[in-house]
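Single-structure report; data block below.
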Amino acid sequence: MIKDPQACIVRKESWKDYHLLSLESPKIALEGQPGQFIMVRITEHSHPLLRRPFSIHSIDGRNVEIFFLSSGLGTSLLSQKKTNDTLDILGPLGKGFNLNDHFKEKDVTIIGGGRGIAPLYFLAQRLSFLGASIRIFYGGKTLADLPLKDKLKKAGFDTFFSTDDGSFGFKGLITDFFKAELEIFTPIHIFSCGPEPMMAKIAKIAQKKKIPAEFSLESVMGCGFGACWSCVRKIRRGNKEEWVKICEEGPVFSADEIIWKEGDK
Amino acid sequence: MTDLSIDLGFLKLKNPVIAASGTFGYGLEFSPFINLDKLGGIVVKGLYYSPCQGNPPPRLAETASGLINAIGLQGIGVERFSEEILPRLKDYNTAIIVNVCGEYEEEYVSVVDFLNKKEGISAYELNISCPNTKKGGLCPALSPENTYTVVSLVKKISLRPVITKLSPNVTDIVEIALSAQEAGSDAISLANTFLAMAVDVETRRPKLANIFGGLSGPAIKPIILRMVYQVASCVKIPVIGLGGIMSGSDALEYLIAGAKAVEVGTANLVDPEATIRIIDELEEYCVKNGIKKIEEIVGTLITQ
């Protein structure tokens with residue numbers, strides 16, 4: 001855990017409401033793992049008061065990248081930052097995806113919905129480095145919600161796109177696209193991040209097919225490092241269910257640990 | 001060289017800055033960021049006798065210059081605290097204060113009775129003021145009688161000094177403070193959070209699953225500051241001020257208004273180094289103003 005009060009924005013990319021900031025922060029860049037996140041202070045003033053959590057989208061040398069959708073006060077103010085502005089960040093925080101050599105030359109599937117694609121690019125890069133054969137499913141409401149599609153294709157991943165309105169790729173939900181493709185192949189592992197109903201559906205499919213799956217969960221957070229106990233979620237541990245801090249024991253959990261919120265299944 | 005130390009009478013602090021309960025975990029969470037030895041003290045997260053599951057999420061809502069929390073005192077209970085946390089806190093040279101909770105009067109007594117036998121604790125802070133209880137915001141600190149009952153029960157068996165943490169959700173804070181003093185409390189910490197709520201207009205649901213929570217942060221500072229001033233002018237025991245302290249200047253306002261020490265809470269979540277920065281800023285102020293001993297400025301508000 002490192003506090004970097006002066007992480008400089010060295011690059012910014014924007015697609016309508018989606019933004020990518022590349023922050024120069026060598027120490028955090030050195031330690032960050034896929035699935036981990038950073039806490040970003042939006043303003044030095046008192047409103048908005050709390051830092052915002054962002055999963056690490058990529059690490060590019062000395063730079064830590066975040067990718068987000070401008071959707072509220074914090075992200076909207078953050079989207080107005082410019083190159084050469086500095087940000088006060090904490091990281092890397094939390095426990096990321098479970099990566100090991102066991103994925104070498106094996107089929108793994110990554111499924112991202114909307115802004116949930118954020119941590120999955122970094123994950124795909126690392127899995128690719130480990131020698132895994134990767135399929136990425138990336139869904140959004142419309143074409144405008146797939147800003148990273150070209151970047152994923154360019155990186156050489158096997159990509160599958162969907163939009164709810166059919167403006168690009170498969171018309172319908174990414175979960176339906178994935179389910180249809182499962183007739184043709186079976187991955188040995190699934191990684192996913194996106195809206196809860198999407199992840200809950202994927203968990204159900206994975207369970208049916210007995211494919212291990214991991215999900216990156218989202219929560220409002222107070223501190224991001226385990227002190228305030230705000231970001232809890234009911235998690236299954238053995239026969240017990242308990243409130244577990246997403247910031248400390250997550251944000252990545254395996255399918256058999258997560259109790260999906262009612263109505264998600 | 002400025003002398004930042006503070007003598008509470010029953011406890012000497014190396015400086016007036018204490019990390020507030022509920023925002024500082026069990027202390028160790030902050031060791032990657034700061035040197036805990038530099039703190040005046042740490043009030044660890046509130047402890048019930050048994051482990052407590054706390055409230056369902058969402059537990060947190062941000063508001064203008066503040067936040068509302070309804071954690072519900074989720075915690076590990078006294079046994080695990082004594083086995084897993086206390087031995088590790090002993091390595092640090094700072095006052096360890098345990099925030100003591102109780103769902104009923106006897107529970108405060110059992111927590112203190114259990115902890116009395118453990119080493120490494122400087123004082124107890126009686127949390128008779130948490131708004132996030134099963135009783136819908138009710139707590140002993142809302143009445144002088146209940147405050148008196150709990151404080152005197154605990155004082156009867158406590159082998160350590162007792163700081164009583166009061167609630168701001170009352171009509172006459174001085175009356176409650178006097179009651180705590182009469183019951184034998186060694187100090188008062190003022191105050192806990194304000195009972196509050198926030199609504200999501202899209203869903204028309206409360207932003208917290210518990211509906212109500214406790215408001216903290218810079219938004220509440222002027223109100224608590226007024227209460228600290230009122231109480232410090234009327235009681236003989238030391239008052240520890242807390243509410244929205246984000247900077248050295250905020251801490252100084254409390255000290256000048258009559259607080260002998262301060263607790264820093266919400267600021268820790270925003271900036272894990274906040275306590276250290278505040279101590280540095282206090283020292284800078286003293287140097288700049290030729291103050292040799294920080295105790296000199298306590299209660300020096302000029303009103304004429």
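As the structure is a computational prediction, the values presented were derived from the model and not from experiment. Both backbone and side-chain heavy atoms feed into the values below; hydrogens, waters and symmetry mates do not.
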(message) Main chain of A:Trp243, side chain of B:Gln74: is a donor-acceptor contact present, judged purely on distance under 3.5 Å?
(response) yes
(request) May I ask you to name which of B:Gly75, B:Gly244, B:Pro56, B:Ala219 has the most heavy-atom pairs under 4.5 Å with chain A? (result) B:Pro56
(message) Are B:Pro272 and A:Leu90 packed together at the side-chain level, in the sense that at least one heavy-atom pair is separated by less than 4.5 angstrom?
(response) yes
(message) Are B:Asp271 and A:Arg41 packed together at the side-chain level, in the sense that at least one heavy-atom pair is separated by less than 4.5 angstrom?
(response) yes
(request) Please check if atom CD in A:Gln80 has more than 12 non-hydrogen atoms from other residues, nucleotides or ligands closer than 6.0 Å. (result) yes
(message) When you compare the side chain of A:Cys228 with that of B:Thr23, does any pair of heavy atoms fall below 4.5 Å?
(response) no
(message) Counting only heavy atoms not in B:Lys38 (residues, nucleotides, ligands), do more than 12 fall under 6.0 Å from its NZ?
(response) no
(message) With a 4.5 angstrom heavy-atom cut-off, is it the side chain or the backbone of B:Thr266 that approaches chain A, or both, or neither?
(response) side chain
(request) Find the one option among B:Gln53, B:Lys45, B:Glu29 whose heavy-atom pairs under 4.5 Å with chain A are most numerous. (result) B:Gln53
(message) Counting only heavy atoms from other residues, nucleotides and ligands, does the tally under 6.0 Å from NZ of B:Lys90 exceed 12?
(response) yes
(request) Could you check which of B:Pro32, B:Pro57, B:Gly22, B:Gly25 has the highest count of heavy-atom pairs closer than 4.5 Å to chain A? (result) B:Pro57
(request) For residues A:Ser46 and B:Met246, determine if any side-chain heavy atom of one lies less than 4.5 Å from a side-chain heavy atom of the other. (result) no
(message) At a 4.5 Å cut-off on heavy atoms, which part of B:Pro58 comes close to chain A: side chain, backbone, both, or neither?
(response) neither
(message) For the NZ atom on A:Lys81, are there more than 12 heavy atoms of other groups (residues, nucleotides or ligands in this structure) within a distance under 6.0 Å?
(response) yes
(request) Step through the shown structure and confirm whether more than 12 heavy atoms of other residues, nucleotides or ligands are within 6.0 Å of CZ on A:Arg11. (result) yes
(request) Take atom CD1 of A:Ile259 as the centre, draw a 6.0 Å sphere, and report whether it contains more than 12 heavy atoms from other residues, nucleotides or ligands. (result) yes
(request) Identify which part of A:Met221 has an atom lying under 4.5 Å from any heavy atom of chain B, answering side chain, backbone, both or neither. (result) backbone
(request) Tell me, yes or no, whether the heavy-atom count around B:Arg88 atom CZ, taken from other residues, nucleotides or ligands under 6.0 Å, exceeds 12. (result) no
(request) For the pair B:Arg59 (side chain) and A:Trp229 (backbone), establish whether a donor and an acceptor sit closer than 3.5 Å, ignoring hydrogens and angles. (result) yes
(request) Enter the distance from A:Ser230:OG to B:Leu208:CG here, rounded to the nearest 0.5 Å. (result) 9.5 Å
(request) For chain B, find which of A:Gly222, A:Gly226, A:Ala227 contributes the most heavy-atom pairs closer than 4.5 angstrom. (result) A:Ala227
(message) Nearest 0.5 angstrom please: A:Ile2 CD1 to B:Phe33 CZ, how far?
(response) 9.0 Å
(message) Restricting to non-hydrogen atoms, name the atom on B:Ser65 and the atom on A:Leu49 that form the minimum distance, rounded to 0.1 Å.
(response) C-CD2, 4.2 Å
(request) Check the surroundings of atom CZ in B:Arg204: do more than 12 heavy atoms from other residues, nucleotides or ligands lie under 6.0 Å from it? (result) no
